2 protein chains.
Amino acid sequence: MVTLTEENYIKAIYHLGKYGANNVSTNAIAKEMETKASSVTDMVKKLSEKGYADYKKYQGVTLTNKGKEIAINIVRKHRLWEVFLVEKLNFSWDEVHEVAEQLEHIKSKKLISQLDAFLEFPTHDPHGDPIPDKTGKIKKIDKILLSETKIGDDCICVGVQDSSSDFLKYLDKNNIALGTELKVCHREPFDNSITIKIKTKELIISNMIANNLFVKIS
Amino acid sequence: MVTLTEENYIKAIYHLGKYGANNVSTNAIAKEMETKASSVTDMVKKLSEKGYADYKKYQGVTLTNKGKEIAINIVRKHRLWEVFLVEKLNFSWDEVHEVAEQLEHIKSKKLISQLDAFLEFPTHDPHGDPIPDKTGKIKKIDKILLSETKIGDDCICVGVQDSSSDFLKYLDKNNIALGTELKVCHREPFDNSITIKIKTKELIISNMIANNLFVKIS
DNA sequence: AATAATTTTTAGATTAGTCTAAAAATTATT
DNA sequence: AATAATTTTTAGACTAATCTAAAAATTATT
């Protein structure tokens with residue numbers, strides 16, 4: 001049996017380990033989970049004993065295949081619930097996270113497979129992140145950051161890097177959603193702000209925004 | 001903050017206290033929750049300190065209004081989720097309970113009010129039990145046990161007393177569901193079994209079954 | 001009313017998860 | 001390479017919830 005707390009640690013290690021193939025550090029986990037390093041040490045020892053992680057003192061942790069499987073399943077559940085909340089219960093994309101954090105821990109194979117079918121097997125969540133299928137396979141799309149585009153590129157908005165409420169509300173306010181088409185018109189050398197055109201309307205986007213918005217060149 | 005465990009105790013006290021206005025005994029709670037009496041004593045002390053229950057040593061407990069409010073809210077969530085599982089995710093009525101036991105603890109006002117709307121404000125769950133509204137009001141219907149009917153009564157099936165999987169599967173097998181119309185034809189004095197007619201088909205029902213099926217005289 | 005049976009509570013221990021403060025190891029800097 | 005700074009671990013304590021075993025109170029039975 002995996003406890004709720006263990007699940008949360010496994011999820012944190014998974015997310016922190018996704019980029020950079022190195023081991024995940026104790027402090028990084030502590031920061032992510034808003035807890036103390038000493039608590040993390042205790043827990044990673046336990047995860048290691050239970051076979052969910054590989055851990056050597058002072059060397060950080062990685063997930064075993066068993067641990068990865070659990071992590072991916074939690075991610076799958078989280079993202080499916082987010083789709084449900086937005087598509088069926090009219091949540092906006094900045095409201096779904098904390099509820100999905102709770103729902104992701106519900107244990108029932110049938111629940112998730114039926115939910116998946118009910119939602120017609122979605123491949124991406126409301127923030128554009130891919131939903132792992134029942135076997136754990138994750139479809140990658142070749143997205144880049146808006147900040148990495150070239151002048152003249154025609155793009156389609158496919159995801160966000162940061163999904164904080166403030167950022168998502170900014171996008172809503174400026175009528176940027178997943179699927180929105182935009183053209184990169186100009187990059188200001190001084191501050192790297194970008195002028196984009198959505199339909200006929202021009203909009204200036206700060207570098208910070210452009211660094212958190214994923215697009216696909218179309 | 002009410003912990004998950006506290007919520008489960010509050011729910012148990014609520015259900016045990018519903019019939020019989022007396023205080024709920026320590027042992028009754030222990031049995032219901034499959035735990036030890038000593039654990040119950042500790043917890044009811046805590047619930048009492050927190051203002052959710054009234055408790056005097058050796059005298060059992062009752063819920064305060066604050067406790068009752070929490071209990072009713074859990075019941076509301078449990079039953080709404082049951083409707084969701086059956087109506088939207090194609091669960092059968094004997095499969096919903098354990099999943100709903102988990103879902104009932106999810107904390108989000110918006111989630112429940114939106115779910116309620118999505119389900120079009122159902123008044124009863126898949127077992128015929130009433131769903132409290134957002135203010136906690138519970139609509140009672142004048143149901144009686146099938147065992148209490150008179151010969152010749154025309155009834156409509158409106159609920160079950162026991163919702164164990166075995167019982168619900170028995171009903172499925174015999175094509176008895178909520179809304180099924182039936183006529184009471186004969187009562188056997190020896191074992192109190194009852195002959196009922198559904199449409200044109202006669203069926204003999206044991207006293208034990210009749211004691212667990214609620215009907216409304218139509 | 002006294003004794004027996006049952007129920008309930010108390011006392012003390014245990015487990016999961018957390019914390020603080022100090023010690024140990026690693027990494028960075030001179 | 002030695003010292004300083006940082007990171008990580010250990011040791012020991014705390015809380016929530018549970019348990020066993022024994023004591024206390026209540027209820028039932030003679």
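Order of the sequence lines sets the chain letters (A, B, ...), proteins ahead of strands, with each chain counted from 1. Computed from a prediction, not measured in an experiment: that's the story for all the values here.
- Contacts of A:Ser39 with the nucleic acid, taken as non-hydrogen atoms under 4.0 Å apart, include base atoms.
- Rounded to whole Å, the distance from CD on A:Glu6 to C1' on C:dT18 is 14 Å.
- For A:Thr3 and A:Gln59, each mapped to the nucleotide of DNA chain C holding its nearest heavy atom, the one lying further toward the 5' end belongs to A:Thr3.
- The distance between atom CG of A:Asn22 and atom P of C:dT27, rounded to the nearest whole Å, is 12 Å.
- Applying the 4.0 Å criterion to OP1 and OP2 of C:dT10, one finds that B:Lys57 has a side-chain N or O inside that range.
- The distance from atom CE of B:Met1 to atom C1' of D:dT15 is 15 Å, rounded to the nearest whole Å.
- Of all nucleotides present, only C:dA24 satisfies the Watson-Crick or G-U wobble test against D:dT7, with each distance under 3.5 Å.
- An OP1 or OP2 oxygen of C:dC19 is reached within less than 4.0 angstrom by a side-chain nitrogen or oxygen of A:Thr35.
- At a cut-off of 3.5 Å, with distance as the only test, no side-chain donor of A:Ser164 or A:Asp166 sits close to an acceptor on the other residue.
- OP1 or OP2 of C:dT18 sits under 4.0 Å from a side-chain N or O of A:Tyr9.
- Between B:Phe118 and A:Phe84, the ring-plane angle classifies as perpendicular under the 30° and 60° cut-offs.
- Of the side-chain N and O atoms in B:Tyr55, one or more sit less than 4.0 angstrom from OP1 or OP2 of C:dT9.
- Close to D:dT10, at under 4.0 Å from its OP1 or OP2, lies no side-chain N or O of A:Ser38.
- In this structure, A:Tyr170 and A:Phe167 have parallel ring planes: the angle between them is below the 30° cut-off, well short of the 60° mark.
- Distances shown here put a side-chain N or O of B:Lys36 below 4.0 Å from the OP1 or OP2 atom of D:dT20.
- In this structure, the CD atom of A:Glu49 is 14 Å from the C1' atom of C:dT15, given to the nearest Å.
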Exercise. Can you list the steps and then say if B:Asn8 with B:His105 is a side chain to side chain donor-acceptor pair (under 3.5 Å)?
Worked result: CA-CA 9 Å; B:Asn8 282 329; B:His105 297 290; 3.0 Å; yes
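- In this model, the phosphate group of C:dT8 is approached by a side-chain N or O of B:Asn27 to a distance below 4.0 Å at OP1 or OP2.
- The interatomic distance linking B:Met33 (CE) with D:dC19 (P) rounds to 10 Å, in whole Å.
- Nucleotide C:dG12: paired with D:dC19 (Watson-Crick or G-U wobble, both distances less than 3.5 Å).
- By the 4.5 Å heavy-atom criterion applied to side chains, A:Val184 and A:Val215 are not counted as neighbours.
- Between A:Ala71 and A:Leu63, the closest heavy-atom pair is CB-CD1, 4.1 Å.
- A:Asp42 has its CG atom 10 Å from the P atom of C:dC19, to the nearest Å.
- Pair assignment for C:dT29: D:dA2, on the basis of Watson-Crick or G-U wobble contacts that are both within less than 3.5 Å.
- Here A:Thr41 reaches the OP1 or OP2 of D:dT9: one of its side-chain N or O atoms lies under 4.0 Å away.
- Between the NZ atom of B:Lys56 and the C1' atom of D:dT26 there is a distance of 16 Å, given to the nearest Å.
- Between A:Ser25 and D:dT7 there is no side-chain N or O to OP1 or OP2 distance below 4.0 Å.
- A sub-4.0 Å separation between OP1 or OP2 of C:dT10 and a side-chain N or O of B:Lys45 is present.
- Note: CG (B:Leu47) to C1' (D:dA16) measures 13 Å, nearest angstrom.
- Summarising the base pairing, D:dC14 is matched to C:dG17 through a Watson-Crick or G-U wobble pair whose two defining distances lie under 3.5 Å.
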